[in-house]
Each structure stands twice: as structure tokens, then as C-alpha cells.
There are 2 protein chains.
Amino acid sequence: MEPPKRRRSATRARLLEGALEVFAERGFHGASVEDICDRAGFTRGAFYSNFGSKDELVLALFQATTDRLLEQIGALLPDLANQPGTLLDAVLGLLDEAALDQRQWHLISTEFTLHALRSPEAAEALNRQRGMFRDQLTRLVEEITAAGDLQLSVPPEQFVRLVIALHEGARSQTLLEPAAVPAGSLERTFLPMVLNAVSRRQV
Amino acid sequence: MEPPKRRRSATRARLLEGALEVFAERGFHGASVEDICDRAGFTRGAFYSNFGSKDELVLALFQATTDRLLEQIGALLPDLANQPGTLLDAVLGLLDEAALDQRQWHLISTEFTLHALRSPEAAEALNRQRGMFRDQLTRLVEEITAAGDLQLSVPPEQFVRLVIALHEGARSQTLLEPAAVPAGSLERTFLPMVLNAVSRRQV
DNA sequence: ACAGTAGGATACAGTTCTGTATTGAATACA
DNA sequence: TGTATTCAATACAGAACTGTATCCTACTGT
């Protein structure tokens, strides 16, 4: 059989994976530890051998997902910055890449956000993650504007916050009414207007 | 004592009120029926005499809150439309009035949205409510633009969807980082730009 | 080959929750 | 005044879930 270290971390990974799926399907409280173990093909013995509690699992899950996400983005960033296309395409492209499965990711991250609004510990973890993500996006914006001799009349971070807020709000509407709000439609309709308003040629 | 009909509906109301608070504090699954009854000052006997189950309560709660909300807005609408001030002030004002307690309302409505993304029945109820709310806002926009000899280059409903998406996304950021994102700051920074871009004097 | 160990399965105790059935009190009405 | 009814409290049965304690199996190193 596999070496024990490898086996252990594989078990951990499968449990995290199962948790991601089950949380997306039933929500955090709606998912029992046993549900998660079943999905991963283990029993609760494996679970409690790897995690102290369900709360601990959530934080670990969020950390793991976050790490993977930021890594993917980091690899993607240079490409986006150097490719032809507008600033907007790059930013929205990054946002879309960020979510492997839009629906699943929306469910998970929204629920974790709710959790964070009630738990300072989770809030700190979430804000750290969002901060890093926002920084990546901000860097992307800065690079592209610099390369295009473009200057923004608002701080890039402020613009990024706008894009994120709009994107998240729009995604919610899209998931609720796919027919009425095609994915990305609100962003592509209105963001160019904002971008146009805050852009000015560099001196 | 009170007449029984009155007493019954008062009990129901107090249970709904308690549910609102407890759901906001602990989330839907985190709140037990008994928690809700305790908060309302009853026991589970009163609960099951008034509601068939927790699921039924949620729908009733959402309905009740929605009704009250729409009623308030309906009363508010003529004032907003006829008062001096910009279109933006009116729309944002309405959105803020809509939420008695921003934080509590955000928690409840977000969680119900998550619920709706997994339950078609809840989705229908939610979309109906959101539709009515959106219609109210759209009517407000139409009235104000007409009164101001203003025309929008996008359908009013589309603009309203934008405002709602941005508002909800921004509210999330505000609740997570009150210091970094003061309430309404994103809206007041960027919506004027959009409004300017889509506005044109009427012929 | 064998003792030691790690990882995961199984069995179990304790808690918590939901939902029902019964009971008691207070009001309406005759 | 007495009877019927309504509403909520209480008692209870059953289910589900968590976390622990123990056991089993398969790999490790000697």
C-alpha cells in the first residue's frame, strides 16, 4: 500500500473534496459529518482522525480552496496582463476563472460569508483571503493601465471593489433568474461606462 | 382575556418576530424551534399549534416580511418621487429604507437566497418578491425621469438591476469591513458616472 | 519474520432536536 | 351557570448527530 504520509494526506484531501460538494448541496448545518464521510468513501473514524470538529474542517476547507484559487490566479495573471484585449476583459476573465463552478463556488463562499458575519475568527480568515484576491486584481489593473498609458481618476483598489461588488451581486441575480440575467450581462453593460468615466489619458 | 382570534394572531406574530431575530443570530439550521419559542416567550406547543413545521415557518416569515416591506415602500414611494433631489438619492433612499436593520436584513435575505438556490419552491417565492420590489423601484425611476425630462439609454429595469446588484454586493463588503467600505460609498462614487452615461435630455 | 505503530472502522454513550399526544386553563356561548 | 371550544403547556417517543473509546488491519523498521 501507499506510504502512510501520502495516504493520510490523500484521505484528508478526499474529505475536503467531499465536504465541498456536500456543503454546496445541503449547506453547512444541513450537512452532517457522516454525509461528508460517505461522500468521500470513509467513515467518521477517518474524519475525526484528521479533523477535530466540523468547525475546524470548515476553516481548513476554506484555507485549502483559497490557496488553490490564489495559486491558479497567480499563474494566470501574467498571461492576462500581456494579452491583447481591454482592461475589462482581463478583469472579468480573472473573476470568472476564479470560480471553477460558478454555482458551487457562489453557494460555498456566500455561506462562508454569512458564517464570517457571525464569527470574528472566520471573518478574519475571510477578509485576509478577500484582501489577497483583491490585491491580485488591483495589481492586474495597475499593470494594464500602466502598459496602456492609462490613468484612473479613482484609486485602482476602489475600482476593483466596485467590480467585485457588482460581480457578486449580478451573479446572485443570474443564479436566481438565468433567463432574465445572462451571466456577465450587467457587468458588460455598465462597467464600460464607469471605466470610460474614470479613465483619462496619461500626461 | 383577549378574544381568541386576536390572541392567536398575536402569538403567531410574536413567533415570527422571534424567528426573525433568532435566524439572524444563528442562521436557519442553527436555530432550533425551541430557540424560537423561547425567544417569543412560548413553548413548542404554541409553535406547532400555529405552524406545521420549521420549513412552513420560513415561508410564512418571508411572506410576512415581504408584505410589510412592500407596504412600507408603497407608502414611501409618492414622497420620494415628488421631493426635490436627484434620481439617485431617491433610489438609494428607497433601498436603505427597505432594510429596517441592514445587518439583520442582509443575513436573513442572503440566507433565504441560498435556500432558494436549492429549493424551487422557495425560489419562486423569492423571485416573486424580488420582482415586485424591482417593479416598485422601476416605477420610481420612470416617474422621476419623466418628471425631469430625462431619458435613459437603457431600459429602466436594467438600470434598477444594476443598482440592486451593486447595492447588495457593496453591502456585503460594508458588513465585512465597515472601516474600509462605509455604507453607500461605492454606490455614491460610481452610480453617478453610470447615470451620467445613460442619461440624455429628452427631445 | 516480527514487534510496533498509524490510520481508519466499529460500537457506543450522551445530547439535542422534531413532532405527537395529552392535559389544563381560559374564553365564548347557550 | 354550565358546557364546549380554543389555545398553549407538558410529557413523551423516536430519530439524528456528535464525539469518544476501542478494535482491527496493514504498513514500517529492524
Side-chain angles (χ1 to χ4, degrees), chain A residues 1-62 64 111-112 115 118-119 121-122, chain B residues 1-62 64 111-112 115 118-119 121-122:
Chain A
M1 246 206 183
E2 285 173 305
K5 285 293 167 61
R6 191 160 298 239
R7 172 150 155 252
R8 185 173 183 75
S9 74
T11 301
R12 220 183 122 91
R14 277 172 63 192
L15 283 171
L16 287 171
E17 203 178 328
L20 194 74
E21 292 176 18
V22 179
F23 283 155
E25 286 172 17
R26 311 191 193 176
F28 172 67
H29 285 284
S32 73
V33 172
E34 190 151 19
D35 289 336
I36 295 167
C37 298
D38 283 354
R39 179 64 57 100
F42 293 99
T43 63
R44 286 207 314 288
F47 181 90
Y48 284 105
S49 162
N50 280 279
F51 303 96
S53 67
K54 206 163 88 167
D55 281 346
E56 194 180 308
L57 166 77
V58 183
L59 272 185
L61 174 62
F62 186 74
E111 182 152 27
F112 193 80
H115 178 53
R118 299 184 182 109
S119 148
E121 189 187 359
Chain B
M1 244 206 185
E2 286 173 305
K5 282 294 167 59
R6 189 159 301 236
R7 173 152 150 249
R8 184 172 183 76
S9 74
T11 301
R12 218 183 124 90
R14 277 172 62 193
L15 283 171
L16 287 171
E17 204 179 326
L20 194 75
E21 292 175 18
V22 178
F23 283 156
E25 286 171 18
R26 313 192 192 176
F28 172 66
H29 284 285
S32 73
V33 172
E34 190 151 19
D35 289 337
I36 296 168
C37 297
D38 283 355
R39 178 65 57 103
F42 293 100
T43 65
R44 285 207 313 288
F47 181 90
Y48 284 105
S49 160
N50 280 280
F51 303 96
S53 66
K54 206 162 89 168
D55 281 347
E56 194 179 309
L57 165 77
V58 182
L59 272 185
L61 173 62
F62 186 75
E111 182 151 28
F112 193 81
H115 179 53
R118 299 183 182 111
S119 147
E121 189 187 0

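In what follows, every heavy atom counts, from backbone to side chain, and hydrogens, waters and symmetry copies are set aside. Note that the structure is a prediction, hence the values are computed from the model and not measured. Convention: sequence-line order gives letters A, B, ...; per-chain numbering from 1.
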Of Gly41(B) and Gly30(A), the one whose closest DNA chain D nucleotide lies more 5': Gly41(B)
Nucleotide nearest Thr43(B) when distance is taken to its side chain, options dT10(D), dG8(C), dT20(C): dT10(D)
Short side-chain N/O contact from Asn50(A) to OP1 or OP2 of dG7(C), under 4.0 Å: no
For the student: nearest non-hydrogen atoms of His29(A) and Glu111(A), plus distance: N-OE2, 4.5 Å
Short side-chain to backbone donor-acceptor contact, Glu21(A) and Arg39(A), under 3.5 Å: no
Separation of dT18(C) P from Leu57(B) CG (nearest whole Å): 11 Å
Heavy-atom donor-acceptor pair, Arg14(A) side chain to Ala40(A) backbone, under 3.5 Å: yes
Between C1' of dT18(D) and CZ of Phe28(A), the distance in whole Å: 12 Å
Parallel, tilted or perpendicular, as decided by the 30° and 60° cut-offs, for the rings of Phe23(A) and Phe28(A): tilted
Under 3.5 Å donor-acceptor pair, Arg44(A) side-chain atoms to dG8(C) base atoms: no
Between C1' of dG19(C) and CD of Glu34(B), the distance in whole Å: 12 Å
Sugar-phosphate, base or nothing in reach of Ser32(A), heavy atoms under 4.0 Å: sugar-phosphate
Under 3.5 Å: donor-acceptor pair, side chain of Asp35(B), backbone of Ser32(B): yes
Whole angstrom value for the distance that separates C1' of dC17(C) from CG of Asp35(B): 10 Å
Distance, rounded to the nearest Å, where Arg14(B) contributes CZ and dC7(D) contributes P: 15 Å
Ser49(B) vs dA8(D): side-chain N/O to OP1/OP2 distance below 4.0 Å: yes
Asp38(A) CG to dA16(D) C1', straight-line distance once rounded to whole Å: 13 Å
Sugar-phosphate, base or nothing in reach of Phe42(A), heavy atoms under 4.0 Å: sugar-phosphate
Nearest-Å distance for atom pair NE2/C1', residues His29(A) and dT18(D): 14 Å
Distance in angstrom units between Glu56(B) CD and dT18(C) C1', rounded: 15 Å
